[in-house]
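Just so it is clear: chains get the letters A, B, ... in the order the sequence lines come, proteins before strands, and each one is counted from 1.
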Amino acid sequence: MGMNTAELTPIPPDFYLKPTRTVARELLGCLLVRHLDGETLVARIVEAEAYLAEDDPGCHAARGRTERNSVMFGPPGSLYVYLIYGMHLCMNLVTQPEGVPEAVLLRAAEPLAGIGAMRARRGRHALKDLCSGPAKLAQAFGVTLADNSGDITRGDFFVAPAADPPGRIAITTRVGLGEGCGEELLLRSMIADSPWISRPPRPDAPVIIEER
DNA sequence: GGAACGATTGAT
DNA sequence: TCAATCGTTCCT
């Protein structure tokens, strides 16, 4: 059932040294894989956002290093997990060399395997309710604060290369940022026309389509 | 020490 | 449209 998960292997750390916008774009179609509690969870990434060290007031590291954001300053391929709104967790993949605090927020994915376990963790049945938002995705994959600073390039929680690369990619503004937080920057990437994204672009936001 | 706020979600 | 819910951040 589901899919063959035997040959899934991690993308190595060098991938996360590319420009962060590129990493966000190239993560589309890649597979998020986790072996957890005797299950293999797999989802195809369809939406991701870049957060930059320079000229990006929306980045958690925009005002320097703090206890919370310290993982962003760590090695590429690190997992940065944080609590938002006192009740949800968001999952980021750290990019750039140590000392450069950039990351990609994983925002949405298409569930492919381990659906039952995802449903149980989410408390929802519909496939579209499992991974269609950053906190939903984290919950479906059993992410906790204990996963913060983990290594996404090896072990039982990793990103594998795209088996089915996306065709058209849409680039637009990020979700949920207030005024003055870089809300106009085109740092959100998603698979164009994917039914698995968290939400459509704002009606007034520019959308750039890249053919592949 | 205290207050305001947030890279969200789910219900109304 | 709105409440939930609490750690982080920033101000006093």
Side-chain angles (χ1 to χ4, degrees), chain A residues 16 19-21 23-25 27-28 32 43 45-74 78-96 100-111 118-150 152 159 170-191 195-203 205 207:
Chain A
Y16 300 96
T20 300
R21 331 161 119 80
V23 174
R25 191 177 63 227
L27 278 170
L28 300 179
L32 186 64
I45 298 168
V46 301
E47 179 183 343
E49 290 177 348
Y51 287 84
L52 308 179
E54 299 295 327
D55 301 314
D56 183 5
C59 180
H60 281 181
R63 293 171 198 180
R65 186 174 187 140
T66 66
E67 186 166 352
R68 178 178 69 162
N69 68 27
S70 64
V71 172
M72 292 188 74
F73 291 78
S78 298
L79 203 48
Y80 169 44
V81 179
Y82 69 91
L83 180 70
I84 185 72
Y85 292 105
M87 62 184 90
H88 302 298
L89 296 174
C90 288
M91 173 175 34
N92 300 256
L93 308 184
V94 174
T95 59
Q96 302 304 294
V100 181
E102 304 199 345
V104 172
L105 172 69
L106 299 184
R107 286 196 54 90
E110 172 187 357
M118 292 183 190
R119 283 175 166 149
R121 287 200 175 86
R122 289 278 303 125
R124 313 246 138 202
H125 186 267
L127 289 181
K128 284 196 178 181
D129 290 338
L130 300 183
C131 301
S132 58
K136 299 178 192 178
L137 179 62
Q139 187 177 37
F141 272 76
V143 171
T144 70
L145 285 175
D147 295 309
N148 190 35
S149 85
I152 203 73
V159 177
I171 312 287
T172 185
T173 55
R174 296 176 294 186
V175 177
L177 296 181
E179 281 188 30
C181 289
E183 69 275 14
E184 75 287 359
L185 302 173
L186 302 180
L187 294 174
R188 178 189 186 195
S189 297
M190 52 196 175
I191 297 181
W196 305 103
I197 62 169
S198 63
R199 49 194 303 183
R202 291 211 326 267
V207 179

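Sorted pairs that involve residues 125-140 of chain A and meet salt bridge (Lys or Arg N to Asp or Glu O under 4.0 Å), not counting sequence neighbours, are lacking altogether. Residue pairs that meet the salt bridge (Lys or Arg N to Asp or Glu O under 4.0 Å) test with at least one member in residues 62-71 of chain A, sequence neighbours left out, do not exist here. A salt bridge (Lys or Arg N to Asp or Glu O under 4.0 Å) check over residues 47-61 of chain A, counting only residues at least two apart or in different chains, returns the pairs E47(A)-R107(A), E47(A)-R188(A), E49(A)-R107(A), D56(A)-R174(A).
In this structure, the side chain to side chain contact (heavy atoms under 4.5 Å, CB included) partners of A53(A), at least two apart in sequence or on a different chain, are V100(A), P101(A), E102(A). Evaluation of the salt bridge (charged side-chain N to carboxylate O under 4.0 Å, His left out) rule for R21(A) yields no partner, not counting sequence neighbours. Residues that satisfy the side chain to side chain contact (heavy atoms under 4.5 Å, CB included) test with A120(A), not counting sequence neighbours, are absent from this structure. Annotation: ring pair (Phe, Tyr, Trp, His ring centres under 6.0 Å) contacts of F73(A) (sequence neighbours excluded): none. In this structure L83(A) satisfies the side chain to side chain contact (heavy atoms under 4.5 Å, CB included) test together with L89(A), sequence neighbours excluded. Remark: Q139(A) engages R122(A) in a side chain to side chain donor-acceptor pair (under 3.5 Å) (not counting sequence neighbours).
Two residues are said to be in side-chain contact when any heavy atoms from C-beta on lie closer than 4.5 Å; Y80(A) and M91(A) fail this criterion.
Using a 4.0 Å heavy-atom distance criterion, G58(A) is classed as a base contact.
For the pair R119(A) (side chain) and H125(A) (backbone), a donor-acceptor distance under 3.5 Å is present.
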Quick one: the dot-bracket string of DNA chain C, using Watson-Crick and G-U wobble pairs with both distances under 3.5 Å, [ ] for crossing pairs and | for bases paired to another strand.
||||.||||||.
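Atom-to-atom, CZ of R199(A) to C1' of dT8(B) comes out at 9 Å; the value is rounded to the nearest Å. Taking atom CG on L177(A) and atom P on dG6(B), their separation rounds to 10 Å, with Å as the unit. Rounded to whole angstrom, the span from the CE atom of M72(A) across to the P atom of dA7(B) amounts to 12 Å. Atom-to-atom, CD of E102(A) to C1' of dA7(B) comes out at 15 Å; the value is rounded to the nearest Å.
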Starting at the 5' end of nucleotides 1-12 of chain C, put B wherever the base has a protein heavy atom under 4.0 Å, S where only the sugar-phosphate does, and a dash everywhere else.
---BBBSSSS--
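If I84(A) and P134(A) are placed on DNA chain B by their nearest nucleotide, the residue sitting closer to the 5' end is I84(A).
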Using atom names, set out every protein N or O paired with an N or O of nucleotides 10-12 of chain B below 3.5 Å, distance rounded to 0.1 Å.
unit_1	atom_1	unit_2	atom_2	d
dG10(B)	OP1	R122(A)	NH1	3.0
dG10(B)	OP1	R122(A)	NH2	2.6
dG10(B)	OP2	R122(A)	NH2	3.4
dG10(B)	O3'	R124(A)	NH2	3.4
dA11(B)	OP1	R124(A)	NH2	3.0

